[in-house]
Amino acid sequence: MVNNLILVILLIIILIFYAGQNFGGAFAASFVYLTCAPLMVIGEQEINNSYPLTALLVVLTFISWLRRPEKRPRSYYLRLFAVSMGVVLIAYFIGFFLNGTTSLQTFAIAYAGEVNVILLVISLSMLLFRVEQQDVMKVMFRSILIFVIVNTAVSVLQKLDIVYAYRMMDRFYVSENRFKPLLVMISGGSYDRVSGTFFSPVVFGATLLMAVVLLTAWIIRQNSRKIRWGAVTLIAVMTVGGILSFSKLFMLGVPLMMIYWAIYLLIFAKNRRQKLSNWALMLIVFVIVYVGVYFALPKDMVNIRDYYYQYFTNPLAALNSRYAGIEAPQVAFINDLPNKEEGIVTGAFDYFKQHSIFGVGPVQVEQEFLGDSQVIMAAHHGGIVALAAYLYFYLYTYVQAFRRRNLYNLSLIPVLAIGSLASVMLTMPSILPFVAFIIRWGDYSGKLVVGEDGLIHDEGDLRLHMIK
C-alpha cells in the first residue's frame, strides 16, 4: 500500500506540472520516478513501476496533440527512433511466431514490456521538446541532483545498517524474481556493493555513469574559464557512488570516456585550449576520487577492492563472465553463475546462431539466460533485423552529432554502446530519460538565430516549430 501511495503522489506531481505547462518540471519528476520510486504492488505481485507513468504520459501527450496539433515536434530523430523501434518490435513478433516455443500469454507479457519502453522514451522526448533548447540541460541537472540526493541517502544507509537497509530494499525496490543481488549482500553480512534505489549495483552503476558523462561533457564544452564547482562536486559524489557499487561498467567507463574525449578534443574540437583545460580539471577530479576511494576503503573490503581495480590493467577480462565460450558450437542452458569456460549469455547467443534473421522472440526457449547484454538479447529476440534497427538509429544519430560537434550525443551514445555489451542498458527504466535527451538534442544545430517572437533560439528549435 505504501509503495502504491508513493507512486500515486509522484504521478499527481507530474500531472500538476504538465497541467501548469511546466514541462521541464514534469520531465524532472518523471526522471525521479524512474530512478527513485518503489515497485508497484498488485496483490502479491511486485511489478515494474514504469507502466503507470507510461500510461499517464501517453494520455497527456495524446490530449495535447488533439488540442494543439501545431505543437507536434517535427523532429527527424523522433520519427527515426519510432520507425527503428517499430522494426525491432516487428522482428520480435515474427521471431516468436516462427521460432518461439513458450505460450502466447508469456509472449504477450514480455512484448508489452518492450512496447512500454518505446512508448516511454517517446513520451519523455515529447516533454523535452516542449522545453527550450537552452533550458534542457538545466532540467537534466536538476533531475540528476534530486536523483543523487535520494540515492546518496539510501547508499549511506546500506553501508551503516545492513539489517534496516535489507528490510527497506525488500519492501520497496527488490521484486521476488530479482532478489539474488540482495540475498548475496545479506548472506555476506555487509553491503559491500551499494545499489542505491536499484535492485542491482550494476543498474545503479550504469545510471550513475550516464549522469557523470553528461555533466562532464557539459563542463568540457564550456568556453569560459569559470569553474562550475557545483557540477564538479556533483560529479565527484556520483563517482564515489559508482566506485562503491563496484560496477565494472562504471569503473572502466569513466577512464575510457576520458581517453575518448582527449582524442576528440585534440583532433576535432574548436576552442581546443579551453576545452582541454576543462578536460584536465575533470581528469584531476577523477584521479583524486579513484585513488582516494582505493585507500579509504576499510581492511574488510580489500579483497573486493583489489578484485575490481585489477580490471584497469586488463579491461577486456571484465567481459569474460558474460562472453567466455560464446564461440562454442553447442547450446548451453544457463541456470546459475557462469563457470570459467562459459559466460552467462552463451545460451542466448546459441539460439541467435540457430535463428539469425528474426531470432526467437522476447522470451526464453528453454532455460537460456536473458540479460547482462543488450546486444545478445536483441540478437536472441529479433535476430539480425533487430540488431540492424538498433544500430541504424544510434549510428546515424552519432554521425550527425559528429557533423554538428554535438558533444552531448557524442558522449552519451558511446556509453550506451559500451553498456550494451555488459548490461541491458537500452531498456533499463533509469536510462530511458537519457535516451530521450539524445533524441531531443539530435536537432541541436549550435546556431543561435532570432525567431519571430524577437527572442534568440537555437535554429533547431525553430525548425521543430516548438517555439511558443
Asks: What's the spacing between Asp192 CG and Tyr307 OH if we round to 0.5 Å?
Replies: 13.5 Å
Asks: Could I get the full list of ring-ring contact (aromatic ring centres under 6.0 Å, His included) partners for Phe31, not counting sequence neighbours?
Replies: Phe434
Asks: Report yes if some heavy atom in the side chain of Val285 is under 4.5 Å from a heavy atom in the side chain of Val232; otherwise report no.
Replies: yes
Asks: I'd like to check Leu215 versus Ile219 (side-chain heavy atoms, cut-off strictly below 4.5 Å). Are they in contact?
Replies: no
Asks: Write down the atom of Asn151, the atom of Thr197, and the distance for their closest heavy-atom approach.
Replies: OD1-N, 2.9 Å
Asks: Would you sort out whether Asn116 and Ser50 count as a side-chain contact (heavy atoms from CB on, under 4.5 Å), showing the intermediate values?
Replies: CA-CA 8 Å; Asn116 174 69; Ser50 66; 2.9 Å; yes
Asks: Measure the CG-OG1 distance between Leu145 and Thr233 for me, rounded to the nearest 0.5 Å.
Replies: 11.0 Å
Asks: Run the ring-centre check on Tyr173 versus Phe199 and record whether the distance is less than 6.0 Å.
Replies: no
Asks: Evaluate the side-chain proximity of Tyr264 to Phe402: yes if any heavy-atom separation is below 4.5 Å, no if none is.
Replies: yes
Asks: Are side-chain heavy atoms of Tyr390 and Ser84 found at a separation under 4.5 Å?
Replies: no
Asks: For Leu297, is there any backbone N or O sitting under 3.5 Å from a side-chain donor or acceptor partner on Arg305?
Replies: no
Asks: Is it the case that Asn409 and Thr397 place a side-chain donor and acceptor less than 3.5 Å from each other?
Replies: no
Asks: Does the ring centre of Tyr92 sit less than 6.0 Å away from the ring centre of His381?
Replies: yes
Asks: For a quick test of reading the model, state the closest non-hydrogen atom pair linking Leu208 to Gly242 and the distance between them.
Replies: CD1-N, 3.4 Å
Asks: Do Arg405 and Phe268 form a cation-pi contact, if we require the NZ or CZ to be under 6.0 Å from the six-membered ring centre and within 45 degrees of the ring's axis?
Replies: no
Asks: Can you tell me how far the OG1 atom of Thr207 sits from the CZ atom of Phe198, to the nearest 0.5 Å?
Replies: 4.0 Å
Asks: Look up atom NE2 in His380 and atom CG in Asn99, then write down how far apart they are to the nearest 0.5 Å.
Replies: 10.0 Å
Asks: Side chains of Trp279 and Met282, heavy atoms from C-beta outward: is any pair under 4.5 Å?
Replies: no
Asks: Please check: side-chain N/O of Asp161 versus main-chain N/O of Tyr164, any donor-acceptor pairing under 3.5 Å?
Replies: yes
Asks: Going through the checks in order, is the side-chain contact (heavy atoms from CB on, under 4.5 Å) test met by Met168 and Val154?
Replies: CA-CA 9 Å; Met168 183 194 67; Val154 174; 3.5 Å; yes
Asks: Report yes or no: does Asn4 contribute a side-chain atom to a donor-acceptor pair with the main-chain N or O of Met40 at less than 3.5 Å?
Replies: no
Asks: Do Gln158 side-chain atoms and Ser195 backbone N/O form a donor-acceptor pair below 3.5 Å?
Replies: yes
Asks: Please find the pair of heavy atoms, one from Ser245 and one from Gly205, that lie closest to each other, and give the distance.
Replies: OG-CA, 3.9 Å
Asks: For Arg142, is the CZ atom crowded, meaning more than 12 foreign heavy atoms sit under 6.0 Å from it?
Replies: no
Asks: I'd like to know if the side chain of Ser411 reaches the main chain of Leu407, judged simply by a donor and an acceptor atom lying under 3.5 Å from each other, with no hydrogens or angles considered.
Replies: yes
Asks: In terms of side-chain heavy atoms, does Arg193 have a donor or acceptor partner in Tyr308 at a distance below 3.5 Å?
Replies: yes
Asks: What heavy-atom pair brings Ala37 and Asn49 nearest, and what distance separates the two atoms?
Replies: O-ND2, 3.2 Å
Asks: Which atoms form the tightest heavy-atom contact between Ala28 and Val139, and what is the distance?
Replies: N-CG1, 4.4 Å
Asks: Strictly distance-based, threshold 3.5 Å: is any side-chain N or O of Thr152 a donor or acceptor partner for the main-chain N or O of Val148?
Replies: yes
Asks: A side-chain contact here means heavy atoms from C-beta on lying under 4.5 Å apart; do Ile418 and Leu252 qualify?
Replies: no
Asks: Are the side chain of Asn278 and the backbone of Gln222 linked by a donor-acceptor contact shorter than 3.5 Å?
Replies: yes
Asks: Let me see the working for Ile122 and Met85 under side-chain contact (heavy atoms from CB on, under 4.5 Å), right down to the final yes or no.
Replies: CA-CA 11 Å; Ile122 293 174; Met85 295 306 104; over 6 Å; no
Asks: So, are Asp170 and Arg167 salt-bridged, with charged N and O less than 4.0 Å apart?
Replies: no
Asks: Just checking, any donor-acceptor pair under 3.5 angstrom between side chains of Gln310 and Asp306?
Replies: no
Asks: Would you say Trp441 and Gln133 make side-chain contact, with heavy atoms under 4.5 Å?
Replies: yes
Asks: May I ask you to decide if the ring planes of Phe204 and Phe147 are parallel, tilted or perpendicular, using 30° and 60° as cut-offs?
Replies: perpendicular
Asks: Do Ile13 and Tyr33 have side chains that approach each other closer than 4.5 Å (heavy atoms only, starting at C-beta)?
Replies: no
Asks: Kindly say whether the aromatic ring centers of Tyr309 and Phe312 come within a distance under 6.0 Å.
Replies: yes
Asks: Got a donor-acceptor contact below 3.5 angstrom from the Ser277 side chain to the Arg273 backbone?
Replies: no
Asks: Determine whether Leu416 and Leu412 satisfy the following criterion, side-chain contact (heavy atoms from CB on, under 4.5 Å), listing intermediate values before the conclusion.
Replies: CA-CA 6 Å; Leu416 290 178; Leu412 292 177; 5.5 Å; no
Asks: Look at the rings of Tyr77 and Tyr396 and say which category their plane angle falls in: under 30° parallel, 30 to 60° tilted, over 60° perpendicular.
Replies: tilted
Asks: Rounded to the nearest 0.5 Å, what separates atom CG in Leu214 from atom CG in Leu209?
Replies: 11.0 Å
Asks: Looking at Phe246 versus Phe250, is the centre-to-centre ring distance below 6.0 Å?
Replies: no
Asks: Between Arg404 and Gly442, is there a donor-acceptor pair closer than 3.5 Å when you use the side chain of the first and the backbone of the second?
Replies: yes
Asks: Output yes when a side-chain donor or acceptor of Arg440 lies under 3.5 Å from a complementary backbone atom of Val131, and no otherwise.
Replies: yes
Asks: CZ/Phe81 to OH/Tyr394 distance, rounded to the nearest 0.5 angstrom?
Replies: 5.5 Å
Asks: Tell me the closest heavy-atom pair linking Gln274 and Arg225, and the distance in Å.
Replies: OE1-CG, 3.1 Å
